[in-house]
Amino acid sequence: MKVLVIGPGGREHAIVRALSADPYVKEVHCAPGNAGIAQDVTTHNIDAQDPAAVLALARELASDLVVVGPEAPLAAGVSDALIEAGIPVFGPTKAAAQLEASKAFAKNVMAAAEVPTAMAHVATNRDEAASALDDFGAPYVVKDDGLAAGKGVVVTSDRDEALEHAEACFAAGGTVVIEEFLDGPEVSLFVICDGKHAVPLSPAQDFKRIFDNDEGPNTGGMGAYSPLEWLPENFVDEVMERVAYPTLREMEKRGTPFTGVLYCGLAVTKRGIRVIEFNARFGDPETQAVLARLKTPLGGVLLAAAKGQLDDAEQLNWSPLTAVDVVIAAENYPDTPVKGAVISGLDAANALENVHVMHAGTSTDADGNIIVSGGRVLAVVGLGDDLAAARKAAYAGVAEISWDGAQSRTDIALKAERGEIVVADQSK
Ligand code: AMP
Ligand code: GLY
């Protein structure tokens, strides 16, 4: 089969690699891709958020399946255009992608489906925001009710800062969701859905803040690892029963069945599992770690999902190895990144055993150099027998790569390696 992958990032590079390794996939294309993806497959420079442009390319390539990576093309209706034309697409319709695009919508679905999540109030002005903050108390959680690439959320104990963020959202014409603070380790679980049926991938953990020790502002994600040895034994089954299936049933009931990845962002609190957020796509950088371990050919699973032919009973096969990936970001990220620097050391990193470099914000300059062209630039994936070995591999790769101003965290998966992640006793 021929597959077209839509998106420009590290997640798409990992998806392209996994599809290229599937013996049933004869051809992989990507649009727009990046400099690293272009070394692996043919890329096409189109506006990936324009449904008509994606449809035209899928027709030209005679694609048997289109896989949509990021949220923006989903929210723009790329899947709808492909479905209407009869081309199988892995990725939800615009209506179903509301689960990510609107936090208020997601809360409404969770309430109807009795999915456990943080208590929340929607506020449309300063007075409502202030009273919601005082209802819940510190630490305060204030979220912009729209797509903000993971950067629209402020978690702080400073009431003035919380209120300031709310006002900034109102000033931009938006509403905010103010929530109860969820205390406990976070887990990303990606569930492959075909509208009715669902198959979970292996859980991962993401590192959202820019600096070590989870300090500094939120980013799109600075690193990840999988699997999570510290999770309670029935964790995945419980998320499927209490979160994924009820959500799928509710979406179906509303006439907007969900096909694609239901990304469950979860907190393991002392009162049990709580949904922090849903996304309607694979996570980045978790996907780079998760797919590095998937042994089941990816193309067949995604095509079955796109066609509504997923079997709940499908068991995916996983490598026994552990995967860690570390993001290297541009200078000044998550603010406006400094672009243009030439990246060195990519070949040396890729030459290391058990190390694979996934590209995100990279492009090629007139002299053929690979240069920085986005905020998150690379994700260096390391595989190993355990977390210590996987971290060592990933960081050996990071050490080979350099440009002026490059930033990466030094503590991705470190707490887990040291056995310092504590899950509260759920039996009380
Ligand atoms: P979101 O965009 O909803 O994923 O939020 C980004 C990050 O903010 C999450 O990954 C959490 O680290 C944090 N966060 C969001 N909501 C909460 C909450 N209710 N309690 C604690 N932390 C939260
Ligand atoms: N890693 C977080 C996200 O993809 O939203």
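Note that ligands are numbered from 1 as they come in the structure, with each ligand's atoms numbered from 1 the same way. When a residue number appears, it is its place in the shown sequence, counting from 1.
- No donor-acceptor pair closer than 3.5 Å links the side chain of H121 to the backbone N or O of A132.
- Of the possible polar contacts, one joining the N34 side chain to the P8 backbone as a donor-acceptor pair under 3.5 Å is found.
- The K143 neighbourhood of ligand 1 comprises atoms 3 (O), 15 (C), 16 (N), with distances under 4.0 Å to a heavy atom of that residue.
- Between the side chain of S226 and the backbone N or O of P203, at least one donor-acceptor pair lies under 3.5 Å.
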Criterion side chain to side chain donor-acceptor pair (under 3.5 Å) on R376 and T219, from CA distance to verdict: CA-CA 9 Å; R376 291 186 294 173; T219 70; 5.6 Å; no
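- Among the atoms of R281, some N or O lies under 3.5 angstrom from an N or O of ligand 2.
- Backbone and side-chain nitrogen or oxygen atoms of L182 are examined, and one is located within less than 3.5 angstrom of a nitrogen or oxygen of ligand 1.
- Ligand-side atoms of ligand 2 in range of G283: 4 (O), range being under 4.0 angstrom from any heavy atom.
- Interface of N279 with ligand 2, defined as ligand atoms under 4.0 Å from a residue heavy atom, comprises 5 (O).
- Under the 3.5 Å distance criterion, with hydrogens and angles disregarded, no donor-acceptor pair is assigned to the side chains of E100 and Y263.
- Here the shortest heavy-atom pairing between L266 and F235 reads CD1-CZ, 3.7 Å.
- The closest heavy-atom contact to atom 4 (O) of ligand 1, among the options E277, M119, E186, comes from E277.
- Not one N or O on the side chain of N279 forms a donor-acceptor pair closer than 3.5 Å with the backbone of R281.
- Distances below 4.0 Å separate heavy atoms of K103 from the following atoms of ligand 1: 1 (P), 2 (O), 3 (O).
- Only the backbone of E180 comes within 4.0 Å of ligand 1, counting heavy atoms alone; no side-chain atom from C-beta on gets that close.
- A side-chain donor-acceptor contact under 3.5 Å links R409 to the backbone of R209.
- Counting atoms of ligand 2 from 1 in the listed order, those under 4.0 Å from a heavy atom of K208 are 2 (C).
- For the 3.5 Å distance criterion, the side chains of T117 and K107 qualify, holding a donor opposite an acceptor.
- Between the side chains of H13 and D40, at least one donor-acceptor pair of N or O atoms lies under 3.5 Å.
- If you look at R11 next to ligand 2, there are no close heavy atoms at all, none under 4.0 Å.
- Every atom of ligand 1 is numbered from 1 in the order shown, and the set under 4.0 Å from a heavy atom of K208 is 4 (O), 9 (C), 10 (O).
- By the 4.0 Å heavy-atom criterion, R274 is excluded from the residues contacting ligand 1.
- The heavy atom nearest to atom 2 (C) of ligand 2, considering only F190, F282, Y263, is found in Y263.
- Checked by distance only, ligand 2 and G220 come closer than 3.5 Å through their nitrogen or oxygen atoms.
- Under the 4.0 angstrom criterion for non-hydrogen atoms, G221 is not in contact with ligand 2.
- For the pair C193/T259, no side-chain contact is recorded, criterion being any heavy-atom separation below 4.5 Å from C-beta on.
- Heavy-atom distances between S188 and ligand 2 stay at or above 4.0 Å for every pair.
- At least one N or O atom of D206, backbone or side chain, sits closer than 3.5 Å to an N or O atom of ligand 2.
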